[in-house]
Amino acid sequence: MTSPDALVRVATARGVTTLTLDSPHNRNALSTPLMTQLLAGLADAVADDAVRAIVLDHTGPVFCSGADLKETATAYASGTVPAGMLGDVLVAVRECPKPVVAKIAGPARAGGLGLIAAADLAVCAQEATFAFTEVRIGVIPAVISATVLPRLGQRAAAELYLTGDTFDGRRAAEIGLVTAAVPADELDAAVERYCASLVKGAPGALAGAKELLRRPAGPDLRAEIAELAALSTGYFLSDEGREGVMAFREKRPAAWVPAGD
């Protein structure tokens with residue numbers, strides 16, 4: 001059960017765990033306590049065989065304002081800043097073996113955009129706003145570049161990194177930061193549709209597909225195709241592959257699909 005003073009709320013239903021950032025007093029800033037709880041929530045969801053997908057949600061009007069600057073200012077006295085933990089969070093989301101969907105109903109800034117980019121799918125309200133504001137406070141979007149830059153074209157990245165200007169959900173979808181931008185009153189339904197599709201995938205196959213998406217292209221096409229062909233054969237011969245083929249032939253849901261889907 002989620003504790004009353006939690007900064008990340010956890011709820012699981014029909015194969016989907018929702019991790020809700022719940023620190024509206026500082027606009028869901030990425031404080032050390034919030035990131036610690038988010039990492040724990042992700043780890044628990046990964047360990048739960050009943051969970052097929054993970055949604056990152058938020059309370060309050062702001063998805064995530066980025067680093068907790070109050071905490072950062074306090075940390076100056078020690079000569080360190082807590083930004084390092086953000087890297088752990090981005091890795092945990094990006095390398096999570098289960099699909100992660102970010103649901104963005106309101107503004108996201110700086111580090112919050114790194115979190116969005118780390119997710120496999122991201123759906124925002126068209127009215128949501130985004131900005132890489134780092135240069136305006138004398139820093140750079142260094143850590144988040146690991147997840148953000150693979151999503152963006154070079155021209156868009158240069159414009160938005162260097163100006164710090166605000167852009168809306170439609171632009172975020174156009175440049176690839178998010179998967180889709182929808183009217184605010186359709187956001188819940190859009191995320192639910194994606195989740196309904198995700199839970200139909202075999203757990204092992206979803207994890208394998210995520211690895212393929214992270215795989216760099218090889219220099220030798222024939223060798224790469226041979227390696228991928230062997231990988232494909234292994235999946236077809238696996239227990240999941242055999243079950244999936246039989247379920248398709250028998251016109252029934254596969255064994256891993258949660259009841260009711």
Side-chain angles (χ1 to χ4, degrees), residues 15-16 39 42-43 45-49 51-56 86-102 113-123 132 141-161 172-181 191 193-250 253-257:
V16 178
L39 285 169
L42 286 165
V46 169
D48 187 345
D49 291 339
V51 175
R52 296 284 184 267
I54 299 166
V55 172
L56 300 179
L86 175 58
D88 296 333
V89 172
L90 299 184
V91 169
V93 173
R94 187 79 176 94
E95 296 188 350
C96 177
K98 300 179 180 183
V100 179
V101 182
L113 277 66
L115 188 58
I116 291 167
D120 300 291
L121 303 175
V123 187
F132 297 96
V143 176
I144 67 170
S145 288
T147 58
V148 169
L149 291 183
R151 303 288 190 196
L152 306 185
Q154 290 185 350
R155 285 296 187 189
E159 173 198 350
L160 300 172
Y161 270 36
E174 289 172 0
I175 64 177
L177 179 64
V178 302
T179 310
V191 171
R193 283 195 298 272
Y194 276 119
C195 289
S197 295
L198 291 171
V199 299
K200 295 176 182 176
L206 288 169
K210 288 194 61 168
E211 290 181 5
L212 281 179
L213 291 167
R214 297 194 299 268
R215 178 190 176 98
D220 184 334
L221 181 60
R222 288 186 180 275
E224 183 178 12
I225 288 177
E227 184 178 344
L228 291 171
L231 182 64
S232 178
T233 298
Y235 274 89
F236 271 108
L237 294 176
S238 70
D239 290 342
E240 280 187 353
R242 294 175 190 273
E243 163 62 11
V245 170
M246 290 301 296
F248 178 81
R249 294 188 63 188
E250 295 170 3
W256 55 75
V257 178

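If you're wondering where the values come from, they're calculated on a predicted model, not measured in any experiment.
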Engineer: Got P141 and V148 here, is their nearest side-chain heavy-atom distance under 4.5 Å?
Structural biologist: no
Engineer: Whether the side chain of K98 engages the backbone of V46 through a donor-acceptor N/O pair (distance < 3.5 Å, no angle test) should be reported.
Structural biologist: yes
Engineer: Under the side chain to side chain contact (heavy atoms under 4.5 Å, CB included) test against V101, which residue among I54, L56, L121, V16 passes?
Structural biologist: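 The option that passes is L121.
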Engineer: If only atom types and distance count, is the side chain of T179 paired as donor or acceptor with the main-chain N or O of V123 below 3.5 Å?
Structural biologist: no
Engineer: Could you grab the distance from atom OG1 of T147 to atom CG of L152, nearest 0.5 Å is fine?
Structural biologist: 9.5 Å
Engineer: Do L86 and L115 touch side chain to side chain, with heavy atoms closer than 4.5 Å?
Structural biologist: no
Engineer: Under the salt bridge (charged side-chain N to carboxylate O under 4.0 Å, His left out) definition, can you give me all pairs with a residue in residues 211-220, not counting sequence neighbours?
Structural biologist: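 Qualifying pairs: R215-E224, R215-E227.
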Engineer: For a quick test of reading the model, state the closest non-hydrogen atom pair linking A254 to A247 and the distance between them.
Structural biologist: CA-CB, 3.8 Å
Engineer: Restricting to salt bridge (Lys or Arg N to Asp or Glu O under 4.0 Å), what partner residues turn up for E95, sequence neighbours left out?
Structural biologist: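 E95 satisfies salt bridge (Lys or Arg N to Asp or Glu O under 4.0 Å) with no residue once adjacent residues are dropped.
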Engineer: Report yes if some heavy atom in the side chain of P97 is under 4.5 Å from a heavy atom in the side chain of L206; otherwise report no.
Structural biologist: no
Engineer: When you measure from the side chain of R151 to the backbone N and O of A117, does any donor-acceptor pair fall under 3.5 Å?
Structural biologist: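 Flag set: sc R151 to bb A117 pair under 3.5 Å.
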Engineer: Under 3.5 Å, side chain of E240 to main-chain N/O of A205, donor-acceptor pair present?
Structural biologist: yes
Engineer: At what distance, to the nearest 0.5 angstrom, does CD1 of I144 lie from CD1 of I116?
Structural biologist: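 Reported value, rounded in 0.5 Å steps: 9.5 Å.
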Engineer: Whether the side chain of R52 engages the backbone of W256 through a donor-acceptor N/O pair (distance < 3.5 Å, no angle test) should be reported.
Structural biologist: yes
Engineer: Nearest 0.5 Å please: distance from the SG atom of C96 over to the CG atom of L42.
Structural biologist: 6.0 Å
Engineer: In chain order, what residues pass the salt bridge (Lys or Arg N to Asp or Glu O under 4.0 Å) check against K210, with sequence neighbours excluded?
Structural biologist: D120
Engineer: Given 3.5 Å as the limit, does a donor-acceptor pair link the side chain of S232 with the main chain of A229, or not?
Structural biologist: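 No: the side chain of S232 does not pair with the backbone of A229.
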